[in-house]
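Following: one structure in structure tokens, then a few remarks.
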2 protein chains.
Amino acid sequence: MKAAHLKPDAYAANCPTRQILDRVGDKWAVLILLLLRSEPMRFNQLRRAIEGISQKMLSQVLKSLERDGLLRRRAIATVPVTVEYSITPLGLTLAEAVDPLRDWAEQNLKEVLAAQRRYDAQRKPLEAA
Amino acid sequence: MKAAHLKPDAYAANCPTRQILDRVGDKWAVLILLLLRSEPMRFNQLRRAIEGISQKMLSQVLKSLERDGLLRRRAIATVPVTVEYSITPLGLTLAEAVDPLRDWAEQNLKEVLAAQRRYDAQRKPLEAA
DNA sequence: CGGTATCCGCCATGATACTG
DNA sequence: CAGTATCATGGCGGATACCG
């Protein structure tokens, strides 16, 4: 960080909204939250459910979500240790705030894709060998 | 991309919601949409309003948002060319779907920060020389 | 099982220079 | 004013190996 000269405008990085949007934009975070909304899950259970996430990333994002108070980690001292992750009330409210976005996505994906096709159709012809 | 074996679960990358969440998580995209919600703006006007975005990134994200049909670009053939960006009806609905998230962020930032402090307080002492 | 540690490649981003 | 082109870099994330 440097130039914090004196630019306290709402569009600076210190805007609270930005932090949350980054969270939500995180490739895995919301996915995990939505999974845990249904039921608590164990580490490798999440790993298998998501399919494609690396152990490192899962561990990392889980820690980060726990740090933010969005989920809770509970270690059970069984023979091979068992760890259960569950969503917190706070996490639940965030998940709910994401719902409108989910709905928007489902309702408007077609239109977005159509817009993309239209846009691309305007450009491609220009470079048609 | 590889292992697309046969995992059409909703938690795969092809989920429409993921694309939208990525959009929203984009460092600048939503910021721009929210700015344009108030009024149309020109390129350098946006650049100055955001303060910290590079010319390259602004150009890139604007193009991307235009491609998605979320904003409209209008070039006016003045002496030095003028380009005006304005939000589309579609973009407006997305901006509105983001509002609950904004609200959540503002209402719960304190609690998130508190959770972070609590979490950090548990770990730091362990490595306190 | 549930992680951490390490190494490393690649892509996203920034800085800079140039153009219509 | 509104970009594009090129180059450099750093950090995100995957792969692998190892530990409690």
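Chain letters run A, B, ... following the sequence lines, proteins first and then strands; every chain starts at 1.
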So, [X] and [Y], do they make that salt bridge, N to O below 4.0 Å?
| X | Y | value |
| --- | --- | --- |
| K27(A) | D22(B) | no |
| E84(A) | R74(A) | yes |
| R67(B) | D120(A) | yes |
| D99(B) | R37(B) | yes |

Legend entry - Comparing D26(B) and K63(A) on DNA chain C - which has the more 5′ nearest nucleotide: K63(A)
Legend entry - With sequence neighbours excluded, residues passing salt bridge (charged side-chain N to carboxylate O under 4.0 Å, His left out) with R102(B): E106(B)
Using only side-chain N and O atoms of [X], determine if any of them is under 4.0 Å from OP1 or OP2 of [N].
| X | N | value |
| --- | --- | --- |
| Y85(A) | dC1(C) | no |
| K56(B) | dA5(D) | no |
| R42(B) | dA2(D) | yes |
| S59(A) | dG2(C) | no |

Legend entry - Touch class at under 4.0 angstrom, heavy-atom based, for R47(A) against every strand present: nothing
Inset, instruction - Give the other cluster members for I76(A), using side-chain heavy-atom distances under 4.5 Å between Ile, Leu, Val, Met, Phe, Trp and Tyr residues; answer none if it is isolated. - result: none
Legend entry - Donor-acceptor contact present, side-chain D26(A) to main-chain A29(A), <3.5 Å: yes
Within this structure, what is the [atom1]-to-[atom2] distance between [X] and [N], rounded to whole angstrom?
| X | N | atom1 | atom2 | value |
| --- | --- | --- | --- | --- |
| R73(B) | dA2(D) | CZ | P | 9 Å |
| Q45(B) | dA2(D) | CD | P | 8 Å |
| I53(A) | dG2(C) | CD1 | C1' | 14 Å |
| M57(B) | dT4(D) | CE | P | 12 Å |

Inset, instruction - Choose from dG3(C), dC1(C), dT13(C) the nucleotide whose nearest atom is closest to any side-chain atom of Q55(A). - result: dG3(C)
Legend entry - Position toward the 5' end of DNA chain D (nearest nucleotide), V81(A) or G52(A): G52(A)
Inset, instruction - For the helix from dC1(C)-dG20(D) to dG20(C)-dC1(D), measure the angle between the helix axis at one end and the axis at the other, each built from five pairs, rounding to 10°. - result: 50°
